[in-house]
Enquirer: 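Structure provided below as structure tokens; questions to follow.
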Amino acid sequence: RSEIGGPDIIELQSPHLSNRSPPAVMSSKHQKGPDLKRFMDKRLKLSLNGNRKVVGTLRGYDAFLNIVLENATSESSGESGDNMGTIVIRGNSIIQFESLERTATSAT
């Protein structure tokens, strides 16, 4: 089933910030990365560690949640900041990201 949803917010938590024990070790051949296909080519607002925020268009990602943003700008106190162009953000520095556009969701 497919629906059109509103802005999506995804909370991410680093393993070192959690008091839970680490998950069972999986074979590296079969590790599955994040499913961010529905966010491709959408404007995202990312909250990063160090109380930083970045807005840009998602152009790529990998299994470690490293992402490529195009037309990225920094944001501070609700004001648009510096234009940074195309950037790569390391996955472990991302705390949260929010879609600024509608995305199609599908139930599994």
Side-chain angles (χ1 to χ4, degrees):
R1 171 169 96 96
S2 185
E3 299 177 42
I4 300 295
D8 292 309
I9 298 176
I10 297 179
E11 292 281 343
L12 304 171
Q13 185 169 359
S14 299
H16 64 275
L17 297 177
S18 175
N19 292 331
R20 294 178 276 156
S21 60
V25 177
M26 293 174 57
S27 168
S28 62
K29 293 180 194 174
H30 298 97
Q31 281 185 342
K32 190 174 182 182
D35 185 18
L36 301 179
K37 286 182 222 152
R38 65 187 175 140
F39 298 105
M40 288 297 292
D41 303 320
K42 303 284 189 219
R43 295 283 294 167
L44 299 177
K45 179 177 181 179
L46 288 93
S47 298
L48 308 175
N49 60 8
N51 212 17
R52 298 171 292 172
K53 296 192 186 318
V54 176
V55 175
T57 303
L58 181 64
R59 292 296 183 208
Y61 62 94
D62 66 11
F64 301 103
L65 199 66
N66 299 319
I67 65 167
V68 177
L69 287 183
E70 190 174 70
N71 300 322
T73 58
S74 63
E75 195 175 270
S76 59
S77 303
E79 298 176 16
S80 289
D82 298 329
N83 185 0
M84 297 183 284
T86 300
I87 61 172
V88 176
I89 299 176
R90 188 171 171 163
N92 68 351
S93 66
I94 301 171
I95 297 170
Q96 169 185 333
F97 73 87
E98 174 182 354
S99 175
L100 300 178
E101 300 176 25
R102 289 185 171 274
T103 58
T105 59
S106 60
T108 55

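If you read the sequence from its start, that first residue is 1, and numbering goes on from there.
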Enquirer: For the atom pair CD1 (Ile94) and CG (Asn49), what is the distance rounded to the nearest 0.5 Å?
Expert: 9.5 Å
Enquirer: Calculate, to the nearest 0.5 Å, the distance between atoms CG and CG belonging to Asn92 and Asn66 respectively.
Expert: 7.5 Å
Enquirer: Is there a side-chain contact between Leu69 and Met84 (heavy atoms, below 4.5 Å)?
Expert: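 Side chain of Leu69 against side chain of Met84, heavy atoms only: no contact under 4.5 Å found.
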Enquirer: To the nearest 0.5 angstrom, please state how far the CG atom of Leu46 sits from the OG atom of Ser74.
Expert: 12.5 Å
Enquirer: How long is the gap from CG on Leu58 to CZ on Arg38, to the nearest 0.5 Å?
Expert: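 Between atom CG of Leu58 and atom CZ of Arg38 there are 12.0 Å.
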Enquirer: List the steps, then state whether side-chain contact (heavy atoms from CB on, under 4.5 Å) holds for Arg90 with Phe64.
Expert: CA-CA 8 Å; Arg90 188 171 171 163; Phe64 301 103; over 6 Å; no
Enquirer: Test side-chain contact (heavy atoms from CB on, under 4.5 Å) on Phe39 and Phe97 and set out the steps.
Expert: CA-CA 10 Å; Phe39 298 105; Phe97 73 87; 4.0 Å; yes
Enquirer: Identify the residue among Glu75, Glu101, Glu98 that makes a salt bridge (Lys or Arg N to Asp or Glu O under 4.0 Å) with Lys45.
Expert: Glu75
Enquirer: Given 3.5 Å as the limit, does a donor-acceptor pair link the side chain of Glu70 with the main chain of Thr57, or not?
Expert: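 Checked: no pair found.
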Enquirer: side-chain contact (heavy atoms from CB on, under 4.5 Å), that's the test. Do Arg59 and Val68 meet it? Break it down for me.
Expert: CA-CA 5 Å; Arg59 292 296 183 208; Val68 177; 4.2 Å; yes
Enquirer: When hydrophobic residues are tied together by side-chain contacts of less than 4.5 Å, even through go-betweens, does Ile67 share a cluster with Met40?
Expert: yes
Enquirer: Tell me if a side-chain donor or acceptor on Asn83 pairs with a main-chain N or O of Thr73 at a distance below 3.5 Å.
Expert: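 Absent.
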Enquirer: Check whether Leu48 and Ile87 end up in the same hydrophobic cluster, where Ile, Leu, Val, Met, Phe, Trp and Tyr are linked by side-chain heavy atoms less than 4.5 Å apart.
Expert: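 Both belong to a single hydrophobic cluster.
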Enquirer: Grab the two heavy atoms, one from Leu44 and one from Ser99, that are nearest each other, plus how far apart they are.
Expert: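 Smallest interatomic distance, heavy atoms only, reads CD2-CA, 3.7 Å.
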